[in-house]
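In what follows, a structure is listed as structure tokens, so that the remarks can point back to it.
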Amino acid sequence: MSACFAVIDFETSGLSPAVGSRATEVAVVLWQDGRELDSYQSLMNAGVRVPADIERLTGISNAMLRTAPPAARVMAEVADFVGDIPLVAHNAAFDRKFWDHELALLGRQRRQDFACTLLLARRLLPQAPDHKLGTLTRWAGLPAAGRAHRALADARMAAHLLQYLLDTAARQHHRPGLAHAELCQLQKVAAAKVGEFLRPR
DNA sequence: TGCCAGGCCCTCTTTAGGGCCTT
């Protein structure tokens with residue numbers, strides 16, 4: 001049995017907490033052995049106004065956020081849902097800074113590493129037209145999980161992309177005539193390299 | 001109104017600059 005990953009995606013009011021941006025929606029997909037075990041998704045009201053261009057991009061309106069549960073309650077729930085499971089995101093540097101910032105507002109700290117499907121895709125799939133999540137999903141023929149730029153759909157797309165990358169890493173290390181034990185060892189090495197590729201520095 | 005960040009990585013690089021990617 002392979003490791004379990006918590007694939008996360010935030011929608012936000014902007015590009016960085018450093019300029020006052022806050023999370024507006026979060027989703028996490030628990031992913032193991034090529035399938036979704038469980039998921040969490042919620043809008044979250046952080047008391048900020050979402051600019052009109054981001055409303056259009058995500059479809060998350062200020063009216064929707066007015067009736068959403070408080071950000072503090074949602075972050076406590078999602079952090080408990082994730083526990084110590086390793087986190088994965090597409091462009092993890094982005095989601096990591098919002099995860100850390102929103103948890104810090106609760107007086108809590110991240111307990112695990114973040115892996116990044118963007119960095120892995122750049123290394124393992126250099127032939128792709130570009131490395132946006134939507135482009136890679138279409139290019140690799142992965143399932144379109146719903147409306148792009150909504151948290152649960154993007155988290156599911158990133159989970160399928162993670163599986164595609166894990167499979168690609170294993171395939172690129174394959175040599176004919178390997179004994180089963182050798183193949184298992186090679187996959188462990190590939191998985192370790194995946195972790196190394198994806199860990200934000 | 002328009003803008004705001006920041007890490008990674010490539011190259012016409014390393015005493016730096018700029019594109020990509022996230023919303």
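Chain letters run A, B, ... following the sequence lines, proteins first, then strands; residues in each count from 1.
As rounded to the nearest Å, B:dT23 and B:dA5 have C1' atoms that lie 11 Å from one another. Rounded to whole Å, the separation between the P atoms of B:dG18 and B:dT13 comes to 13 Å. Comparing the P positions of B:dC12 and B:dG19 gives an interatomic distance of 14 Å, to the nearest angstrom. Look at the C1' atom in both B:dT1 and B:dC21: the space between them is 25 Å, to the nearest Å. Using C1' as the reference atom, B:dC4 and B:dT22 are 15 Å apart when rounded to the nearest Å. Straight-line distance between the C1' atoms of B:dT14 and B:dC9: roughly 14 Å, to the nearest whole Å.
Residue A:Phe98 is out of contact with every strand shown, counting any heavy-atom pair closer than 4.0 Å. Among the heavy atoms of the strands lying under 4.0 Å from A:Thr58 are primed sugar atoms or P, OP1, OP2 only; no base atom is included. As judged by a 4.0 angstrom heavy-atom cut-off over every strand, A:Asp53 is placed among residues making no nucleic acid contact.
A:Arg123 contributes atom CZ, which lies 7.0 Å from atom CG of A:Leu119 (distance to the nearest 0.5 angstrom). Rounded to the nearest 0.5 angstrom, A:Met157 CE and A:Thr117 OG1 are separated by 11.0 Å. Within the model, atoms CZ of A:Arg171 and CG of A:Leu124 stand 10.0 Å from one another, a figure rounded to the nearest 0.5 Å.
In this structure, the side chain of A:His90 engages the main chain of A:His131 through a donor-acceptor pair within 3.5 Å. With hydrogens and angles ignored, the 3.5 Å screen pairs no side-chain donor or acceptor of A:Lys97 with any backbone N or O of A:Ala18. A donor-acceptor contact shorter than 3.5 Å links the side chain of A:Gln112 to the backbone of A:Ile85. Listed for the A:Asp95 side chain is a donor-acceptor partner under 3.5 Å among the backbone atoms of A:Phe10.
If you take CZ of A:Arg96 and P of B:dG7, they are 8 Å apart, rounded to a whole angstrom. If you measure from atom CZ of A:Phe114 to atom C1' of B:dG6, you get 15 Å, rounded to the nearest angstrom. Atom CG of A:Leu161 is separated from atom P of B:dC21 by 13 Å (rounded to the nearest Å). With rounding to whole Å, A:Met157 atom CE is found 15 Å from B:dC21 atom P. Rounding to whole angstrom units, NE2 of residue A:His90 and P of B:dG6 are separated by 20 Å. At whole-Å resolution of the value, CG in A:Leu119 and P in B:dG6 are 18 Å apart. Distance CG (A:Asp95) to P (B:dG7): 15 Å, rounded to an integer number of Å. Rounded to a whole Å, the CG atom of A:Asp100 is 14 Å from the C1' atom of B:dG7.
For the OP1/OP2 pair of B:dC9 and a distance below 4.0 Å, the side-chain nitrogens and oxygens of A:Arg123 include at least one atom meeting the criterion. For A:His149, a side-chain nitrogen or oxygen approaches OP1 or OP2 of B:dT23 to under 4.0 Å.
Side-chain N/O atoms of A:Trp31 and A:Gln163 include a donor and acceptor closer than 3.5 Å.
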Between protein and nucleotides 2-5 of chain B, what N or O pairs are separated by less than 3.5 Å?
unit_1, atom_1, unit_2, atom_2, d
B:dA5, N3, A:Lys97, NZ, 3.3

Identify each atom pair where a protein N or O and an N or O of nucleotides 17-20 of chain B are less than 3.5 Å apart, giving names and distance.
unit_1, atom_1, unit_2, atom_2, d
B:dC20, O2, A:Arg122, NH2, 3.3

Tabulate below the donor-acceptor pairs under 3.5 Å that side-chain atoms of residues 58-71 of chain A make, not counting sequence neighbours, or state none.
unit_1, atom_1, unit_2, atom_2, d
A:Thr58, OG1, A:Ile54, O, 3.0
A:Thr58, OG1, A:Ile60, N, 3.0
A:Ser61, OG, A:Ala63, N, 3.4
A:Ser61, OG, A:Met64, N, 3.1
A:Asn62, OD1, A:Val50, N, 2.8
A:Asn62, ND2, A:Val50, O, 3.0
A:Asn62, ND2, A:Glu55, OE2, 2.8
A:Thr67, OG1, A:Met64, O, 3.3

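Within residues 69-77 of chain A, no residue has any heavy atom closer than 4.0 Å to DNA chain B.
A heavy-atom distance below 4.5 Å is found between the side chains of A:Ser21 and A:Phe98.
Residues in residues 75-88 of chain A take part in these salt bridge (charged side-chain N to carboxylate O under 4.0 Å, His left out) pairs, two or more places apart or across chains: A:Asp80-A:Arg108, A:Asp84-A:Arg111. Within the structure, the salt bridge (charged side-chain N to carboxylate O under 4.0 Å, His left out) test picks out the following pairs touching residues 14-30 of chain A (sequence neighbours left out): A:Arg22-A:Glu102, A:Glu25-A:Arg150.
A continuous path of Ile, Leu, Val, Met, Phe, Trp and Tyr side chains, each step under 4.5 Å between heavy atoms, connects A:Phe81 with A:Leu106, placing both in one hydrophobic cluster.
The side chain of A:Asn91 sits closest to B:dC21 out of B:dG7, B:dT23, B:dC21.
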